[in-house]
A.B. asks: 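The structure is given below, and queries will be raised subsequently.
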Amino acid sequence: MAEYNFREIEKKWQKFWDEKKIYKTANYSPKPKYYILDMFPYPSGAGLHVGHPLGYIATDIVTRYKTLKGFNVLHPMGFDSFGLPAEQYAIQTGQHPAKTTEQNIRRYKEQLLNMGFSYDWDREVQTSSPDYYKWTQWIFLQLFGSWYNKKTDRAESIGTLIEIFEQSGNRNVYAACDEDTPEINADQWKMMDEAGKQKLLLKYRLTYQAETTVNWCPALGTVLANDEVRDGLSVRGGHPVIRKSMLQWIMRITAYADRLLSGLDRIDWPEPLKEMQRNWIGKSFGCIVRFKLAGSDLEMVVFTTRVDTIFGVTFMTIAPEHERIREFTAPGQWKSVEAYINSVRDKSERERMSEVKTITGVFTGSYVIHPFTGKKIPIWAADYVLAAYGTGMVMGVPGSDTRDFAFAKHFNLPVIPVQTGDHTDISRPDFDASKGTMINSSFIDGLPVEAAIKKATEKVEELGFGKSKINYRIRDAVFSRQRYWGEPFPIYYVENIPCPLDEEKLPLLLPEVDAYLPTESGEPPLGRARDWKYLGKFPYELNTMPGWAGSSWYLFRYMDAHNEKEFCSKDAQQYWENVDLYIGGSEHATGHLLYSRFWTKFLFDRGYITVDEPFKKLINQGMIQSRSNFVYRIKGTNRFVSYNLKDDYDTQQLHVDISLVDNDILNIEGFRKWNPEYARSEFILEGDRYYCGAEIEKMSKSLFNVVNPDHVIEKYGVDTMRLYEMFLGPIEQSKPWNIHGIDGVSKFLKKFWRLYHDDSGVFAVSDEEPGENELKILHKTIKKAEEDIRNFSFNTSVSLFMICVNELQSLKCNKRKILEPLALIISPYAPHISEEIWRLLGNKESIFNSAYPVYEPAYVVEDTFEYPVSVNGKLRAKIILSLDLPEDEIRKSVLELDAIQKWLEGKPPRKLIFVRGKIINIVI
RNA sequence: GCGCUUGUGGUGAAACUGGUAUACACGCUGUCUUCAGGAGGCAGUGCCCAAAAGCAUGGGGGUUCGAGUCCCCCCAAGCGCACCA
C-alpha cells in the first residue's frame, strides 16, 4: 500500500525548483511588488539549529502566499559573513577566515535548500565578498564626504560646506559637528594650509576620527561598541572590558538622533522594540545653565531637566574624567582631586557597575556663584556624574534629586527643600519629585512643577545665563575594529591626515597576512600586511570596519545584486522601494536595526535612494529555547538515581544529552556509551525506568540541548517540520522546542495525502460536482487561512487545515473541485507535498505559479437564523428569528417562544440586546 | 529603581471590534481491528460530583444585560534600560 513518502517527494521537487529556477524574481513586472526579508545569518561553524528556521518559515509562507495572490515577490537570502568567530578560529588554526567562512556558507546553504525555501539564490549576497564590500567602502566614502546641515535638516556634500567656509567662514553654519570646533571667518579659512583645512572639515564629516575613551577588550584585542558590552563584559565571549583612549573612526549618528526618533512613528514595528530605540536615543528636554566661578572668569555649564529647582542647589558636581576638571580645582586641592581621579580611572566598567550604591567624591576647593542668590556654592568631583552625558557636570539639588540627596547626606552637605513634600528621605516612594508645588524659590513659589520649569527657563534665558536645550543620550558610534576579518577602510594617510581613496580604486581588497593577531607593536593585524600602502608610500588605515557595516545596507543590494557600477540601480530601488516585511530577532534593536535606519536616512538625504526607512513592517520572532534533561548522581559515587527518588539521596544534577532521553525516560545503554566515565554506572530505577529531570534553558551546545533540524527532517520530513514549527505557537513568542507534539502534525500530512488516494493507495479523485456542505468547508478554510496569514497567525492556520482535512475525511470527500484548491491553500506551509499532489492532479505549472483560490462568501455565511440567547445574562437558549423583521416583530416572536416565555415569567422584555443583527440577550 | 510585555486544562495553545471560554494538537484512560513496529479506527478527558446543581481564564475590586477581552489596585514571570541630572 502506497504511503506518503516524504523523502522521495521532497528530493524530487527541490531538484526541480532549483533546476527550473522557479524562484527567480524579475525586477520589473506589471504585478504589484512585495519585498520580504529575513535577517541574514552569520554562518557559524555549528550550522543551523531548529531556532533559525522559525522566522525563515514564516517569511517563506508569506512569500508563497503573496505570490499566489499575484504579487511579484522579492525574497532573497545571503550571509553576514564578516565577523569574530571565523577570525578567532583563524587565530587558533591559521586557516584563512575566508576559507572557514566559505565552508560554513556551503553548509548553511545546503540546509536552507533542504527546507524548500523559495529564495532567489541568484541574488545571494555575502558581506565578505569584494563585489559586496566594494560598496560598503563606497558608502563609507560618501559618509566621509558629507556633513549634516541642521538648517536643511539633511546630509549634504562636504563641497557645499567648503563653499560656505570660503564665503563666510563657519559663523553661520548650523551643523552637527564636534563640540570643540573653533569659530573662523572666510579669511582665516583661506589662510589655512591643507592639513589645517582637513582637520577642520573632519569635525563636520559624518564619519570622523577622534581620540575617544572606548571599550577596550584585551582578550579579544579590540574595541567594542557600547551595545557589544554588557555588565563590563564582552557580549561575545564574556571577556573583561576596560576603558581606554584611542584614535577611532566614528559615525556621527547623533546628527540623525531626532529623525531616528520621529521616524519610529511612521513604521509598523513592535512597540517594545520601538521603545528600546526611543530609550537608546534618550531625548530629554531641559536647560543649559552657566554658573560663574568665584574669583575667576570661568563658567561651569550644566544640563538639567529641572531648572525650576535651581534655588535648591547646594553644591556642584563634575565627573572625575572630565577634561576640564583641573580648571575647576583650587591649586591647594589638586593633589587630593588627582588621587581621586586616579582611583576612579582604573576601575573597569564592571567594578563601577557593582559599586553603584557606594558614594565617593572629593571637594575641589572651588566655588561657583549662584546666579540668583549670589551665594557661594562648593564644587565637588564625584563619579556618580557621567562625563559623557550632558556637559559632564551637574548642579546638586538634594531637595529634589535622590542621587544628589544621597551624596549630600554622605558628605553632610545642606539640603534646601524647594518643593512640597516630606524631605526627611526623598528616596522613599511617597516623595515624588515630579509632583507638588515650589517653595523657597523666589519668583516661582507656589507654581506646580511643570509651570515652574517653564517660568524658570524663560527667566534664565531672559537674564542670559541659561538656555533651553534638547539633550540626547545616544552617542556617536565607534566604527573601527582592530581586527582582520572586516572591510578595510578606503583611507590612506598623508602626514597623518586621512585621505579618501578614489572611488575608481574600489574595492580596496583585504590584504593577506601571515597571522591574524595584532603586531608586536600593538598595531591591528593589517599592520602585518606587506606593502599596505597607497602608491607604495602612503600607509593605509590599519583598522577594519565593524560587523554592522555590511548589514546596514544589504537590503538594497538584493534589489540589484550584480550591479558593478552602482550599489543598487535607481530603477531597481524605485521599483522595490524598501522592505515590506522584515522578520528577525529583537536582539538587534539598538544595533543593526538602528544603524541600518541611520544609513538609509543618509543615502536618502544624498539622493541615492527614495526611501528614508529600510523596513516598513518588522516582526520579532521569539527565541526557540530548549528543554534540557538532567540525571542525578549520588555524590561521590557512580550511581544515578531516578528523578522522583532523588530527594532520598544527596545528589548532584548533571546535564545529559537530550538525544538520549525520550519523554524524560533515559536510554540507559546510550547513556553508558555517551561518555566513558559512565560506562559502568549503576542506576536506581522507578519500576524499570530511569526518569530524568528537565528545565527550560537557552539552546546551547554546552548544555547538551541543541536540536539539529537535520534529524527532525530525516525522521519526519521538511513539510512536517515546517508545519510543526508554525504550530508550536505564535511567531513572536519565545518557546521551548518540544518534539512531542510533532506526531500530530505528521499524522495530519498523512491524512492529507490519503484524501487524494483510495484505500489501496492509488491516486484517485472524483470529478463529481461538490455539494454545498463540502464547498462550505473549503471556503471557510480559504477565508480563515487568508485572515491568519494577514495577522501572521500561522499556528491557527495549521489547526484550521487539520480541521478541514478531518471534516473532508469524515465526508469521504475526494472531489477534485474541493481537493485541488485545498492543495493550493496548504502549499505555503507544506510546499513539497502540495507540489506533488498538484502534479498528480494533472497540472503542468508549478504550484508556486498558480493562483490562490477565491472564497465564495455565499458558502461562508453562518447560519443566520439560529441565535444563542440569554436572559439577564444568565439563561441561554437557541431561538430562531429572521433578520429582516422589524424590532417589534422580533419582540413579539420572542414572547411567543415557549421556552423563553417560561423564563420571562409572563413579564414583557424590557430590552432586547442586539449584536450585529442578532438578539444576544433579553433584559426583563 | 524605570520602561515594555505576558499570565487561560496535565502540556503547547484557540477565542474576530466585549457575546455559548478551553477550538486544534500532545498526553492520559478505555476500547476495537488484533500488532508487539514510533501503524490505524472509535469513545472519554477543565475542576468538584453517581447525577443534578455549582465553580473555573494569576489575585481582588469596578463598568456592563453580558468581561479571558475594557478600567483601577495587587502578585508572579520574561525582556530591555540602568547613577541619563
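By convention in this document, chain letters (A, B, ...) are assigned in the order of the sequence lines, proteins followed by strands, and residues within each chain are numbered from 1.
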A.B. asks: How is Glu275(A) classified with respect to the nucleic acid when contacts are heavy atoms under 4.0 Å: base, sugar-phosphate, or nothing?
C.D. replies: sugar-phosphate
A.B. asks: Given atom CZ of Phe801(A) and atom P of A25(B), what is their separation to the nearest angstrom?
C.D. replies: 14 Å
A.B. asks: For G80(B), does either OP1 or OP2 sit under 4.0 Å from a side-chain N or O belonging to Arg278(A)?
C.D. replies: no
A.B. asks: Check whether any side-chain heavy atom of Thr317(A) lies under 4.5 Å from a side-chain heavy atom of Val302(A), and answer yes or no.
C.D. replies: no
A.B. asks: Closer to the 5' end of RNA chain B via nearest nucleotide, is it Leu728(A) or Val745(A)?
C.D. replies: Leu728(A)
A.B. asks: Suppose you measure atom P in U20(B) against the same atom in G41(B); what distance do you get, rounded to whole Å?
C.D. replies: 31 Å
A.B. asks: Please identify each residue that fulfils ring pair (Phe, Tyr, Trp, His ring centres under 6.0 Å) with Phe752(A), with sequence neighbours left out.
C.D. replies: Tyr756(A)
A.B. asks: Would you say the ring centroid of Phe6(A) lies under 6.0 angstrom from that of Tyr716(A)?
C.D. replies: no
A.B. asks: Does Lys783(A) pair with Glu787(A) as a salt bridge, N-O distance under 4.0 Å?
C.D. replies: yes
A.B. asks: Starting from P on U11(B), measure out to CD1 on Ile739(A) and report it in whole angstrom.
C.D. replies: 20 Å
A.B. asks: Scan nucleotides 31-37 of chain B against the protein and return all N/O pairs shorter than 3.5 Å with their distances rounded to 0.1 Å.
C.D. replies:
none

A.B. asks: Donor-acceptor pair, distance only, cut-off 3.5 Å: does the side chain of Lys454(A) make one with the backbone of Ala452(A)?
C.D. replies: no
A.B. asks: Would you measure the distance from the C1' atom in C75(B) across to the matching atom in G61(B) and give it in whole Å?
C.D. replies: 15 Å
A.B. asks: Pro730(A) near the nucleic acid: base, sugar-phosphate alone, or nothing, with a heavy-atom cut-off under 4.0 Å?
C.D. replies: sugar-phosphate
A.B. asks: Reckon Gln733(A) has a side-chain N or O less than 4.0 Å from the OP1 or OP2 of A13(B)?
C.D. replies: yes
A.B. asks: Using the C1' atom as the point on both nucleotides, what is the distance between A56(B) and C47(B), in whole Å?
C.D. replies: 7 Å
A.B. asks: Between Tyr724(A) and Trp737(A), is the gap from one ring center to the other below 6.0 Å?
C.D. replies: yes
A.B. asks: Where does G46(B) land, syn or anti, once you apply the within-90°-of-0 test for syn?
C.D. replies: anti
A.B. asks: Taking pairing as Watson-Crick or G-U wobble with both contacts under 3.5 Å, can you name the mate of G68(B), or confirm there isn't one?
C.D. replies: none
A.B. asks: Between G19(B) and G66(B), how many Å separate the two C1' atoms, rounded to a whole number?
C.D. replies: 7 Å
A.B. asks: Who is the Watson-Crick or G-U wobble partner of C4(B), with both distances under 3.5 Å?
C.D. replies: G78(B)
A.B. asks: Who passes salt bridge (Lys or Arg N to Asp or Glu O under 4.0 Å) against Glu299(A), sequence neighbours left out?
C.D. replies: Arg290(A), Lys292(A)
A.B. asks: Say we look at C26(B) and G44(B): how far apart would their P atoms be, to the nearest angstrom?
C.D. replies: 16 Å
A.B. asks: Backbone N or O of Ile742(A) within a donor-acceptor pair of the Ser746(A) side chain at under 3.5 Å?
C.D. replies: no
A.B. asks: Using the ring of Trp269(A) (Phe, Tyr or Trp, six-membered ring only), decide whether Arg597(A) places NZ or CZ under 6.0 Å from its centre and within 45 degrees of its axis.
C.D. replies: yes
A.B. asks: Without decimals, in angstroms, what is the distance between Ile803(A) CD1 and U22(B) C1'?
C.D. replies: 13 Å
A.B. asks: Round to a whole Å and report the spacing from CD1 of Ile474(A) to P of A82(B).
C.D. replies: 13 Å
A.B. asks: Could you tell me whether the phosphate oxygens of C26(B), OP1 or OP2, come under 4.0 Å of any side-chain nitrogen or oxygen in Lys747(A)?
C.D. replies: yes
A.B. asks: Whom does A43(B) pair with, Watson-Crick or G-U wobble, provided both distances fall under 3.5 Å?
C.D. replies: U29(B)
A.B. asks: By the 4.0 Å heavy-atom rule, please label Phe727(A) as base, sugar-phosphate, or nothing.
C.D. replies: base
A.B. asks: Would you say A85(B) has OP1 or OP2 under 4.0 Å from some side-chain N or O of Tyr389(A)?
C.D. replies: yes
A.B. asks: Look at Asn795(A) and A25(B) and indicate whether a side-chain polar atom (N or O) is within less than 4.0 Å of OP1 or OP2.
C.D. replies: no
A.B. asks: How close or far is atom C1' of C24(B) from atom NZ of Lys784(A), stated in whole angstroms?
C.D. replies: 10 Å
A.B. asks: Pro272(A) side chain: which of C24(B), U5(B), A14(B) is closest?
C.D. replies: U5(B)
A.B. asks: Find the distance Asp404(A):CG to C83(B):P and express it as a whole number of Å.
C.D. replies: 15 Å
A.B. asks: When rounded to the nearest Å, what value does the distance between C1' atoms of G46(B) and U22(B) take?
C.D. replies: 7 Å
A.B. asks: What about Phe465(A) and Phe291(A), are their ring centers closer than 6.0 Å?
C.D. replies: no
A.B. asks: Kindly point out which of A13(B), A85(B), A82(B) is positioned nearest to the side chain of Lys735(A)?
C.D. replies: A13(B)
A.B. asks: Would you mind reading off the distance between Phe407(A) atom CZ and C83(B) atom P, rounded to a whole angstrom?
C.D. replies: 16 Å
A.B. asks: Closer to the 5' end of RNA chain B via nearest nucleotide, is it Gly744(A) or Arg473(A)?
C.D. replies: Gly744(A)
A.B. asks: Whom does A23(B) pair with, Watson-Crick or G-U wobble, provided both distances fall under 3.5 Å?
C.D. replies: none
A.B. asks: My understanding is that a pair needs two contacts under 3.5 Å, Watson-Crick or G-U wobble. By that rule, which nucleotide pairs with C16(B)?
C.D. replies: none
A.B. asks: Which part of the nucleic acid does Asn806(A) contact within heavy-atom distance under 4.0 Å: base, sugar-phosphate only, or nothing?
C.D. replies: sugar-phosphate
A.B. asks: For Asn279(A) and G80(B), give me the distance from atom CG to atom P, rounded to whole Å.
C.D. replies: 13 Å
A.B. asks: Could you let me know what G9(B) is paired to, Watson-Crick or G-U wobble, both distances under 3.5 Å, or none if it's on its own?
C.D. replies: none
A.B. asks: Which value, in whole Å, describes the distance between the P atoms of nucleotides C74(B) and C81(B)?
C.D. replies: 26 Å
A.B. asks: Work out how far the C1' atom of U69(B) is from that of G18(B), and round it to whole angstrom.
C.D. replies: 6 Å
